[in-house]
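Working notes, structure below.
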Number of protein chains: 4
Amino acid sequence: MEQSKRRQQIVEVAIHTIAELGYAQASVGQIVKRASVSKGVFTYHFASKDELMEQIVHEVFDAGARFMSPRVEGQTTPGGMLKAYIESNLEFMGGHRDYIVALTEVVTNARTADGKLRFGGAADDLILEPLIEILRWGQEAGEFKPFTERSARVTAAAIRSAIDGIASQLLVNPGLDLSGYAAELADLFLSAVHRPSHPADSSAEGGEQS
Amino acid sequence: MEQSKRRQQIVEVAIHTIAELGYAQASVGQIVKRASVSKGVFTYHFASKDELMEQIVHEVFDAGARFMSPRVEGQTTPGGMLKAYIESNLEFMGGHRDYIVALTEVVTNARTADGKLRFGGAADDLILEPLIEILRWGQEAGEFKPFTERSARVTAAAIRSAIDGIASQLLVNPGLDLSGYAAELADLFLSAVHRPSHPADSSAEGGEQS
Amino acid sequence: MEQSKRRQQIVEVAIHTIAELGYAQASVGQIVKRASVSKGVFTYHFASKDELMEQIVHEVFDAGARFMSPRVEGQTTPGGMLKAYIESNLEFMGGHRDYIVALTEVVTNARTADGKLRFGGAADDLILEPLIEILRWGQEAGEFKPFTERSARVTAAAIRSAIDGIASQLLVNPGLDLSGYAAELADLFLSAVHRPSHPADSSAEGGEQS
Amino acid sequence: MEQSKRRQQIVEVAIHTIAELGYAQASVGQIVKRASVSKGVFTYHFASKDELMEQIVHEVFDAGARFMSPRVEGQTTPGGMLKAYIESNLEFMGGHRDYIVALTEVVTNARTADGKLRFGGAADDLILEPLIEILRWGQEAGEFKPFTERSARVTAAAIRSAIDGIASQLLVNPGLDLSGYAAELADLFLSAVHRPSHPADSSAEGGEQS
DNA sequence: AATGAATGAGTATTCATTCAT
DNA sequence: AATGAATGAATACTCATTCAT
């Protein structure tokens, strides 16, 4: 574990600062002021602001995975897993609003010296992978419709985008009814991916036909 | 028409600069350098950087509406219109990548003095409205499944998010096969909203009755 | 007469602009905007901003002289003339508040390239001269106390400063009761300069001894 | 004591810069150049240029009070105190020419965002108060003539203006014989305020009764 | 006579980073 | 480990002046 307490504290404060002020206003000066430490303490623990940003992205992803994994992996059907993925993701968002807002800010704003997005893309495939695997499983189990390579990717991306879109809405409307929204969204995409012809598929939980 | 040639030129250059370097690096200095004009020429034509940003948002929305309107409004069925909405939107994105990227950058970054997003939220409802109307029309025509107030909004938001999500992907992967992607996405959401004409498809409503 | 109507109009607008916004904010841009003319029209009529400032100083001094001369020169006693000088000066200030404020702003702010006050000092001796002459006349007439070269100059400067001090007060407190103030000030300085030994001189009006 | 050495140094340099170049030319850039420090060092120690200006005003008033207080408060007669006030004030001006010039520049030029003088007026009454008290004391002691509310204020203002007027003259003529000037000015105003009927009052020193 | 677009040096302020203590 | 003073390049914006039309 490379994380000292100080590092962890600064990451935490930075996340809330970015969530509140936005990426551009969240200067190192602001962050250390809110953490009640000196500027030097920042430079001592982080080689640069970029390293802090990397740490933030890392931390938020980790926290998300820690929250979702048990909820998603406990599922026994593809439909149940897709539903659990969407709902636990939105539940995590609801309980960690600042984490999500900060992540969005960092990922869409942090840039390298030559102007490219620092956290651009690299993560995208990694993020879609679990969703694609759920879709493949559902297809093999006969619960979901058949996917081509591309349609699986498009579907996974649409689900991710719909979830991420809520991060933006949360920013504007913090009182959003997330659990209702989550159920609605799960239904929508289950309708979209279910195999159309099998009567047995009628329940959202995706009953396995014998 | 209040737009002088110079204003229009600066807006154009600014859009490409923002698309390439991101909002934060797209300083007035960068923009005028790329436009090969002096700093003063900017201040002469725009009261402030904020005014330029407003102009950019305005310009991109207008250009999008000009492109999509004839394609969408020519449709005679709800399904055709939803498909035309998705496809013409993505086609516009493909032909105006920088416009879309710049719009996204401006909308997610431009802030007022008190730290609030300058173009935040206000637009959201306006943007969803046309989609919701298509869904309503489809419902009334018997082509789409029935929607509650909330499910219509969630569905519209999911469609919008899926489309907007492509802006981000375009940023990272400019070679994206947009027309294939568009057809796939249209199919996905048509599956999701169509009335389950097959009795066996009853799952679309997803309602668990007690 | 070198003054075109345009020049005169611009000088007038500039005086009011400076009075309202202060020297530093009274840019050429502001002035031409308020005059509803283009920037070019300014450059056509004035070689530079400095020339405008000179014209303003000239104009205000002239207007002051035109107002005060008949009132001061009609006097037949030194005391009457000193009183008339003070009172007509303050009366002019009251009726031309913007002129006085603008003059003060220009004289205390306009600088040459090397940082020296553009209208500094040169005028000072010229301004004190008439006052010194009144004092000399009063001394010769036996109405005022005797003055040395220096005491005459110090007294004249004190009177001028007291009058000018009111310009500053007018700036802050436009509702100042100038005529009351003027009478009070005249009394004060008549007390100060009157020959001390003549009991009859004790009245503020500067009684003529028989 | 909140003043660091650097703050004090910058205030000092700023005073001399303003005295030499005037308020408008005394940019932060000029000041830090003359102080041989970087621009950043200024912002580190002062939140804004305005804060520096406030500090300058504070510093000059304080220095003046430190110098004058012992000289004025040691006096035992109203006349002696008025004389000490005028003379110690001018003596301070002579020894701190730049302080006085800078104060005048700042007070007459520094403005708030809405165009009002930043240090306008508010101070005026405070400054006149000590003088008015001296006049009142002299009246009660029978040494000065009777004053109305207004005549006391007008007299105090005239004295202040005469003193301040010398700041302007010092600007133009640094070699001014201040101590001679001061004695002359004290005599002038003692003549103006003394009770006219008491022959014993004729000396400028304000004869102490045996 | 007049226009208004253009210039470029100037302004205060922000900020990530360095470094002696 | 920690401090906080210092740096200097970057930011948006102002403005007197020039000049082609």
Side-chain angles (χ1 to χ4, degrees), chain A residues 4-7 24-33 35-53 113, chain B residues 4-7 9-10 24-33 35-53 113, chain C residues 4-7 24-33 35-53 113, chain D residues 4-7 9-10 24-33 35-53 113:
Chain A
S4 77
K5 272 218 176 105
R6 267 278 192 259
R7 265 178 85 93
Q25 316 296 342
S27 65
V28 171
Q30 270 297 326
I31 293 165
V32 300
K33 189 160 77 182
S36 301
V37 296
S38 74
K39 260 187 177 169
V41 90
F42 173 81
T43 327
Y44 184 81
H45 289 285
F46 293 89
S48 68
K49 195 184 184 184
D50 287 338
E51 194 190 315
L52 170 63
M53 294 306 149
Chain B
S4 77
K5 275 226 175 92
R6 263 279 189 263
R7 261 179 88 93
Q9 177 212 359
I10 291 171
Q25 315 294 343
S27 66
V28 171
Q30 272 297 327
I31 293 166
V32 299
K33 190 158 77 181
S36 300
V37 296
S38 75
K39 257 183 179 173
V41 86
F42 172 80
T43 331
Y44 182 78
H45 289 282
F46 294 89
S48 66
K49 194 182 182 183
D50 287 339
E51 193 189 316
L52 171 61
M53 293 306 150
Chain C
S4 77
K5 271 221 175 100
R6 266 279 191 259
R7 265 178 85 93
Q25 316 297 342
S27 65
V28 171
Q30 272 295 327
I31 293 166
V32 300
K33 190 161 75 181
S36 300
V37 297
S38 74
K39 260 186 179 172
V41 90
F42 172 82
T43 327
Y44 185 81
H45 288 285
F46 293 90
S48 68
K49 196 184 184 184
D50 287 338
E51 194 191 315
L52 169 63
M53 294 306 149
Chain D
S4 77
K5 275 228 176 89
R6 262 281 188 264
R7 260 180 87 93
Q9 177 211 359
I10 291 171
Q25 315 295 342
S27 66
V28 171
Q30 271 297 327
I31 292 166
V32 299
K33 190 159 76 182
S36 300
V37 295
S38 74
K39 255 183 178 173
V41 87
F42 172 81
T43 332
Y44 182 79
H45 290 281
F46 294 89
S48 66
K49 195 183 182 182
D50 287 340
E51 193 189 315
L52 170 62
M53 293 306 150

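Chain identifiers are assigned alphabetically (A, B, ...) following the order of the sequence lines, protein sequences preceding nucleic acid strands; residue numbering begins at 1 within each chain.
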As a test of reading the structure: which of E:dT7, E:dA2, E:dT13 is closest to the side chain of C:Val41, going by heavy atoms? E:dA2
To the nearest angstrom, the CD-P distance between A:Glu51 and E:dT17 comes to 11 Å
In whole angstrom, what separates D:Ile31's CD1 from E:dG10's P? 16 Å
Using the closest heavy atom to pick a nucleotide of DNA chain E for each, name whichever of D:Ala47 or B:Val37 lands nearer the 5' end. B:Val37
With sequence neighbours excluded, residues passing side chain to side chain contact (heavy atoms under 4.5 Å, CB included) with D:Ser48: D:Asp50, D:Glu51
For A:His45 and E:dT18, give me the distance from atom NE2 to atom P, rounded to whole Å. 17 Å
Residue set satisfying side chain to side chain contact (heavy atoms under 4.5 Å, CB included) with A:Gln30, at least two apart, ordered chain then number -> A:Thr17, A:Leu21, A:Ser27, A:Lys33, A:Arg34
What is the distance from OH of A:Tyr44 to P of E:dT17, rounded to the nearest Å? 18 Å
Of D:Ser38 and A:Thr43, the one whose nearest nucleotide on DNA chain F sits closer to the 5' end is A:Thr43
Show the nearest heavy-atom pair for residues A:Gly29 and A:Lys39, with the distance to one decimal. CA-CE, 4.1 Å
Within the sub-3.5 Å range, which N or O atoms of nucleotides 9-11 of chain F have a protein N or O partner, and how far apart are they?
from, atom 1, to, atom 2, distance (Å)
F:dT11, OP1, B:Ser27, OG, 3.2

Represent DNA chain E in dot-bracket notation, 5' to 3'. Only Watson-Crick or G-U wobble pairs with both distances under 3.5 Å count; pseudoknot-style crossings use [ ] and interstrand partners use |. .||||||||||||||||||||
Starting at NZ of C:Lys33 and ending at C1' of F:dC15, how long is that distance when rounded to a whole Å? 13 Å
C:Leu52 CG to F:dC15 P: how many Å, rounded? 15 Å
Between A:Asp50 and B:Arg6, who's closer to the 5' end of DNA chain E by nearest nucleotide? B:Arg6
Write down the distance between CZ (C:Phe42) and P (F:dT18), rounded to a whole number of angstrom. 11 Å
Apply side-chain hydrogen bond (donor to acceptor under 3.5 Å, both in side chains) to D:Gln9 and list each qualifying residue two or more places apart in sequence or on a separate chain. D:Arg6
Side chains of B:Phe46 and B:Ile10 in contact at under 4.5 Å (non-hydrogen atoms): yes
For C:Phe46 and E:dA1, give me the distance from atom CZ to atom P, rounded to whole Å. 14 Å
Using side chain to side chain contact (heavy atoms under 4.5 Å, CB included) as the criterion, list what pairs up with D:Lys49, not counting sequence neighbours. D:Val28, D:Met53
